[in-house]
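Report on the structure given below.
Throughout, protein chains are lettered first and strands after them, A, B, ... in sequence-line order, and every chain is numbered starting at 1.
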Amino acid sequence: MIHHGDDIPFFDDDEPGPVPPRREGSGIAARAMAARRETSVPDYLGGLNPEQRDAVVTTEGPLLVLAGAGTGKTRVLTTRIAHILASGNAYPSQILAVTFTNKAAREMKERIGVLVGGAVEGMPWLGTFHSIGVKLLRRHAELAGIRSDFTILDTDDVIRLIKQLIQAEGLDDKRWPARQFASMIDGWKNKGLTPKDIPEGDARAFGNGRGRKLYQAYQDRLKTLNACDFGDLLLHPIHIFRQHPDVLKEYHKRFRYILVDEYQDTNTAQYMWLRLLAQRPGHDTGPVNICCVGDDDQSIYGWRGAEVDNILRFEKDFPGAKVIRLERNYRSTAHILGAAGHLIAHNDGRLGKTLFTDRSDPDDAKVQVHAAWDSEEEARAVGEEIEQLQRRGEQLNDMAILVRASFQMREFEDRFVTLGLNYRVIGGPRFYERLEIRDAMAYFRMVCQPADDLALERIINTPKRGLGEASIRKLHDHARDRNIPMLAAARELCDTDEMKPKARKALYDVVTHFDRWQGLLETTPHTELAETILDESGYTEMWQNDRSAEAPGRLENLKELIRSMEGFESLRGFLEHVSLVMDAEQNEDLDAVSIMTLHSAKGLEFKTVFLPGWEEGLFPHQRALDESGRAGLEEERRLAYVGLTRAKRNCHIWFVSNRRIHGLWQSTMPSRFLDELPTDHVEVGETEMSYGGYGQSRFDRAEPFANSYGTPGWKRAQSHRSDATRDNWGTRSGHQVERIGYGESGPSGKTIEGELVARSVETTPSRFAPGDRVFHMKFGNGNIVAIEGNKLTIDFDKAGRKRVLEGFIQPV
DNA sequence: TCAGAATGATTTTTT
DNA sequence: ATCATTCTGA
């Protein structure tokens with residue numbers, strides 16, 4: 001969370017800006033340029049196939065690169081940047097390159113560094129949407145009504161804040177959980193909606209119809225706290241760009257090239273942000289050199305606001321856009337690609353890519369499907385297979401188990417512990433999200449930013465100081481009355497008789513401590529200061545006295561926290577880093593099997609991949625089907641596709657007949673995705689037929705891909721290829737989120753009438769309307785209050801207000 | 001203020 | 001079944 005004390009000059013980081021640098025004088029990418037002079041083709045282009053090369057050298061104009069799994073996407077992106085630099089068309093600071101994760105940004109930086117030799121330092125605009133958003137916002141904070149040293153709140157802070165607001169509204173915070181409202185706000189912000197933009201139905205659905213008011217109150221509170229949540233890091237810049245065309249124009253001049261990774265994962269807000277920067281109606285700021293790279297078949301984040309439509313609409317947004325498909329796969333065997341390709345062909349509405357490989361080795365194994373009685377046997381069998389591979393000399397690092405849901409991990413962990421097999425779990429609770437780390441961070445935040453009330457509330461009574469609810473309430477009230485931060489209020493209250501002597505003393509101690517630490521901020525090295533804070537506050541001692549099993553680990557984590565601060569300039573710098581980069585690196589040295597969810601496996605590859613739990617209800621997940629119907633099923637199928645295409649050599653799929661879910665044993669059906677695999681590339685394991693009568697007959701008999709050419713999806717994809725943008729995606733009815741009219745077309749006719757189609761928001765008229773009298777099997781009769789998509793809010797006569805799915809409701 | 005009891009929710013995850 | 005959060009009574 002936090003800050004930046006330094007003043008920020010507008011364009012601090014380089015030379016002139018808009019003027020294209022001279023080729024010879026740029027001093028960038030010297031090595032690449034040297035290579036360029038020696039041979040006619042720069043050597044960084046050497047190892048690329050024709051499509052990849054095309055994607056690299058087509059630097060001018062809009063370009064969409066549809067890059068299938070394992071087709072060298074990152075390589076294209078990094079080489080493209082190297083090429084732009086080497087050809088002298090832009091300074092590093094004139095390239096905007098956005099990724100979704102810090103990991104991707106880091107990787108890109110490294111790889112460009114290898115190609116170009118160190119000039120990456122000068123790429124200030126390579127980063128995640130959020131880190132670039134912060135950078136923009138620090139420069140123009142005042143245009144968003146905050147100061148440039150604003151605090152960035154994490155989800156934990158946000159939930160506590162919202163809870164306070166809900167209570168302040170006099171609402172029951174049990175009936176209206178803050179967590180739920182936080183995710184609603186998140187959803188709105190993903191769509192770029194401010195309080196006044198949200199649909200009436202949404203506004204009604206929360207807090208007895210006070211959703212809009214609460215959202216507004218939340219935004220107001222953020223402003224008072226001089227704080228932003230993650231969504232604001234995108235929304236504020238969008239509003240600044242809209243309201244201050246002069247500011248926007250500066251960036252138009254600045255960013256000569258825009259590159260976007262994982263374009264299929266962009267949400268509506270990110271899309272609006274990009275489009276503002278990329279579309280330049282009637283400016284003298286040059287062409288729209290935007291290059292988006294993505295794969296519609298790997299879009300698996302629809303549930304958190306990603307809009308595949310963004311990728312489907314690219315050619316419409318940027319007329320004259322070139323589309324390049326990367327379909328040559330360098331990762332997997334033909335069997336794996338055959339299985340994955342046949343599976344994904346069951347989806348509609350694809351842009352149509354078919355991965356192929358030249359590799360043809362008769363020894364390549366088919367994709368194996370295995371059956372097991374229950375999840376325990378599944379874990380045991382996978383463990384055995386792994387041990388066998390290990391005996392054959394395979395590295396554990398080359399193997400991964402990819403599960404649909406994290407509860408599946410435990411059984412594998414248990415088994416591997418018994419076997420003494422090294423494993424590592426990727427994902428899961430992250431370092432900076434741990435309780436003790438957050439507490440420590442709250443202390444640090446208070447020292448750097450004394451007005452951070454949320455931080456103070458977190459630790460004012462941790463360790464216990466006898467400052468309970470009543471004291472905090474008093475502090476709150478006083479702070480509110482005087483319109484000052486809580487710490488300042490505390491300072492004042494120490495001098496009055498309002499508090500009991502004991503609380504007053506405790507409060508006095510807290511205030512004195514913070515004053516002292518703030519005094520040390522400039523003079524003491526930050527790691528030392530951090531230690532001092534944790535010691536003097538009694539926080540370390542609190543855990544030392546704790547007899548519970550976790551305590552030693554927590555102390556260890558605190559030490560690790562201090563150690564990780566060493567790499568930073570100051571406490572402030574460290575806090576800023578942590579607020580945006582929540583991950584801590586893993587131990588790479590150990591040879592271990594990776595266990596992770598399919599979602600976190602995207603972008604990775606392993607020689608051998610195990611895919612357990614292919615059962616109806618788990619995969620595809622029942623909830624995805626219930627909540628998003630066909631779209632949900634297709635997303636699950638893409639997830640299966642991602643899973644399969646992670647494998648380089650071997651892929652083992654498992655399903656069981658019995659699985660324990662929420663403590664109850666349930667008998668399960670094999671996943672429909674198994675039916676969608678082609679016989680030619682799949683083999684049923686030895687346990688075949690022994691359980692549940694599962695045999696080859698279940699697979700698609702057809703030749704690989706053969707019947708997919710006849711499917712609606714394929715036909716649609718074909719028609720889309722030629723007649724790029726018309727009916728398929730363009731005119732789909734959806735609610736309009738915004739309309740940016742660059743009415744009069746620019747010189748090149750680049751008019752975009754820019755309606756945003758949010759397809760994933762179901763706009764099919766519901767068969768119900770608010771006020772309708774309905775019946776629910778479990779809750780009985782009630783009246784509809786609000787409708788959002790297929791979810792209805794209903795006041796039941798007996799059961800009270802509930803949110804239920806339309807499918808479970810009948811008209812009375 | 002705290003420990004033990006009751007309650008409820010339990011896909012996926014980034015920033 | 002299990003976990004986390006919240007409530008209740010001492």
Side-chain angles (χ1 to χ4, degrees), chain A residues 1 98-105 127-134 152-160 163 172-175 177-180 183 186 189-190 228-235 262 265-267 269-270 299-306 375 402-411 426-430 432-433 435 461-471 502-503 506 548 576-583 596-603 613 617-628 632 635-636 638-640 642-643 659-666:
Chain A
M1 321 71 251
V98 251
T99 63
F100 273 83
T101 63
N102 292 296
K103 197 175 151 217
T128 61
F129 277 100
H130 296 269
S131 65
I132 290 170
V134 174
I152 302 165
L153 302 185
D154 60 39
T155 26
D156 221 55
D157 297 322
V158 167
I159 288 168
R160 279 185 299 140
K163 193 165 180 183
D172 177 2
D173 62 346
K174 286 215 73 169
R175 186 153 161 203
R179 186 172 286 283
Q180 189 194 334
S183 71
D186 198 50
K189 291 193 171 180
N190 284 161
C228 285
D229 62 14
F230 283 120
D232 286 342
L233 299 181
L234 287 166
L235 287 193
E262 305 280 17
D265 289 340
T266 47
N267 62 36
Q270 287 157 339
S299 158
I300 55 175
Y301 286 108
W303 52 271
R304 73 176 193 213
S375 45
L402 312 182
V403 298
R404 177 60 186 66
S406 45
F407 75 82
Q408 292 172 262
M409 293 179 177
R410 239 193 78 174
E411 218 133 8
I426 316 263
R430 274 161 305 167
Y432 292 111
E433 278 167 5
L435 176 111
N461 201 28
T462 311
K464 298 276 183 297
R465 301 184 173 93
L467 291 166
E469 214 176 317
S471 316
K502 214 172 144 198
S548 66
E576 167 103 23
H577 168 84
V578 170
S579 65
L580 291 172
V581 183
M582 294 293 283
D583 56 345
M596 69 187 96
T597 63
L598 287 160
H599 283 91
S600 33
K602 190 162 77 139
L618 176 58
F619 194 35
H621 201 282
Q622 193 57 47
R623 207 151 144 180
L625 302 180
D626 288 347
E627 286 177 6
S628 324
E635 184 154 309
E636 296 285 295
R638 290 193 291 266
L639 203 47
V642 166
R659 191 174 289 277
R660 199 163 55 178
I661 296 165
H662 309 329
L664 303 168
W665 283 100
Q666 315 233 294

- Under 4.0 angstrom between Thr128(A) side-chain N/O and dT15(B) OP1 or OP2: no
- Item | Under-4.0 Å side-chain N/O to phosphate OP1/OP2 contact, Ser406(A) with dT11(B) | no
- Any side-chain N or O of Lys189(A) under 4.0 Å from OP1/OP2 of dT15(B)? no
- Task: Could you tell me whether Lys163(A) contacts a base, only the sugar-phosphate backbone, or nothing, with contacts defined as non-hydrogen atoms closer than 4.0 Å?
- Result: sugar-phosphate
- Rounded distance in Å - NE2 (His577(A)) to C1' (dT15(B)): 13 Å
- Query: Picking from Leu402(A), Leu639(A), Val642(A), what satisfies side chain to side chain contact (heavy atoms under 4.5 Å, CB included) with His599(A)?
  - Reply: Leu639(A)
- Query: Across the strands shown, which category fits Ile132(A) at heavy-atom distances under 4.0 angstrom: base, sugar-phosphate, nothing?
  - Reply: nothing
- Would you mind classifying the nucleic acid contact of Gly231(A) as base, sugar-phosphate or nothing, using non-hydrogen atoms under 4.0 angstrom? nothing
- Rounded to whole Å, CG of Asp232(A) lies from P of dT14(B) at a distance of 20 Å
- Task: Take the protein atom CZ of Arg160(A) and the nucleotide atom P of dA4(C), then report the distance between them rounded to whole Å.
- Result: 18 Å
- Message: For Pro177(A) versus Arg175(A), what's the shortest heavy-atom pair and its separation?
- Response: CD-O, 3.3 Å
- Item | No-H, no-angle donor-acceptor pair, Arg404(A) side chain to dT12(B) base, under 3.5 Å | yes
- Round to the nearest Å and state the distance from Met409(A) atom CE to dT13(B) atom C1'. 12 Å
- Query: Is Asp229(A) touching bases, backbone alone, or none of the nucleic acid, heavy atoms closer than 4.0 Å?
  - Reply: nothing
- Asn102(A) side-chain proximity, nearest of dT13(B), dT15(B), dT10(B): dT15(B)
